[in-house]
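Notes for the one structure printed next.
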Amino acid sequence: MSEIDKHHIENNPEFEGLKVNQGIEQPAPVSSDSVKRFLKKQRKLLAVDEYVNGILNGDITLLSKAVTLVESAKPNHQKLAQEIITLCLPHSGKSVRVGITGVPGVGKSTFIEAVGKYITSRGDKLAVLAIDPSSERTKGSILGDKTRMEELAGDPNAYIRPSPAAGSLGGVARKTRETIILCEAAGFTHILIETVGVGQSETAVHSMTDFFLLLMLAGAGDELQGIKRGIMEMADLIAINKADGNNVDKAKMAQVQYRNAIHLFPTKESDWEPGVLTCSAFNKIGIDAIWQEVEKYKAKTVENGYFYKKRNEQSTYWMHETIEGQLRQNFYENPEIKEKLRVLENYVLNDKMSSFIAAGELLDLYSKLK
Ligand code: GDP
């Protein structure tokens, strides 16, 4: 009996029947080759049908892998992604898509967590996506960051996907739009898309959602200054968050002011009159009333036909966006164009050629190359 055996508590006669086992044989140490082999296996692409069947069966791992392909810039990934999307398309569309915006700190993540739990507690499946082209993945400005939605992240009925990595707004938005299709094909009936209320990304979110929710705060001073008027005009509902504690009265006052303000906006094509509600995402108060507005909106616009009209318009919008994006990319990545562009740019900068003639020459060259 070794020293260890003698002293080990399990070898005390009191613990009859117990003994210290010999250790098991150790596997070979991890070599860089085996790590490489493992990573290669991880990266191995599957056949289109494997992704599609997985998605249609609600397999989250395969859904995530397909979304990674959508987000990838590699041409072979893109080709595969487009094949998957095409096969998923007939199974998509059966959802309500809600855009959520508001300045950083207004409580978007807290709200999404609260409304998300409300949705999943009814047995519905929810996907949370984000558009944040400025995404620097730092300090809480990250939309859809799982650490900011802990409860929801652990919910089997919820799928959270952070914004695709920083890039052009059009590119990031297109990827999110394609991810919606995959999520819907995977059975997610509720899609929330988050963005910050400070730039152009609202327009992109608006172009892929059915309902647009603007979260606001009852701030000091002019209540309408926080957010651009254009964004307020897009809203189908304004919710004044943090209506709790000492803030309740201020929130009620802001509610009256916003109601008066949005009365002055032109009537919407949807024939829907945007409301103004208050809520406390933190205390989960007023969340159900907000979601009921989304449901009322859907019922009304399905009935009056606007719901599908808007979706059709969005589909053609994205078709044109994609064409433009692709043309631009093909043009600027063409080596002969790149070369001539450098030369003509110089001419333009030195007043040797007008911008329009330079552009015309480049386009001429491009059409001959094709
Ligand atoms: P986001 O940047 O818009 O996503 O905002 P967060 O959800 O990260 O919230 C910013 C801060 O506001 C956090 O400290 C939250 O706890 C707090 N917060 C969010 N919702 C409420 C609310 O309803 N009431 C109060 N009092 N605080 C809230």
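Numbering starts at 1 and runs along the sequence shown. In listed order, ligands and their atoms are each counted from 1. None of these values were measured; they are calculated from a predicted model.
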Taking Asp210 first and then Lys310, would you say they form a salt bridge - that is, a charged N and a carboxylate O separated by under 4.0 Å? no

Atoms of ligand 1 less than 4.0 Å from Asn241 heavy atoms? 20 (N), 21 (C), 23 (O)

Enumerate the atoms of ligand 1 whose separation from the nearest heavy atom of Ser280 is less than 4.0 angstrom. 23 (O)

Where ligand 1 meets Pro104 - atom numbers and elements under 4.0 angstrom, heavy-atom basis: 2 (O)

Judged by heavy atoms only, the candidate from Lys242, Lys108, Lys284 nearest atom 27 (N) of ligand 1 is Lys242

Verify side-chain hydrogen bond (donor to acceptor under 3.5 Å, both in side chains) between Glu184 and Ser95, making sure each step is shown before the conclusion. CA-CA 7 Å; Glu184 289 177 350; Ser95 72; 2.4 Å; yes

Report the C-alpha distance between Ser64 and Tyr159 in whole Å, list the side-chain angles of each, state the deciding distance to 0.1 Å, and finish with yes or no for side-chain hydrogen bond (donor to acceptor under 3.5 Å, both in side chains). CA-CA 9 Å; Ser64 291; Tyr159 174 65; 3.2 Å; yes

With a 4.5 Å limit on heavy-atom distance, are the side chains of Tyr297 and Leu237 in contact? no

If hydrogens are left out, which of Asn283, Asp244, Thr278, Ile100 has an atom nearest to atom 24 (N) of ligand 1, that is, the closest non-hydrogen atom? Asp244

Numbering as shown, the atoms of ligand 1 that approach Ser109 to under 4.0 Å (heavy-atom distance): 4 (O), 7 (O)

Is any NZ, NE, NH1 or NH2 atom of the basic residue among Arg174 and Glu178 found under 4.0 Å from an Asp or Glu carboxylate oxygen of the other? yes

Any heavy atom of Gly102 sitting closer than 4.0 Å to ligand 1? no

With a 4.0 Å cut-off on heavy atoms, is Val103 in contact with ligand 1? yes

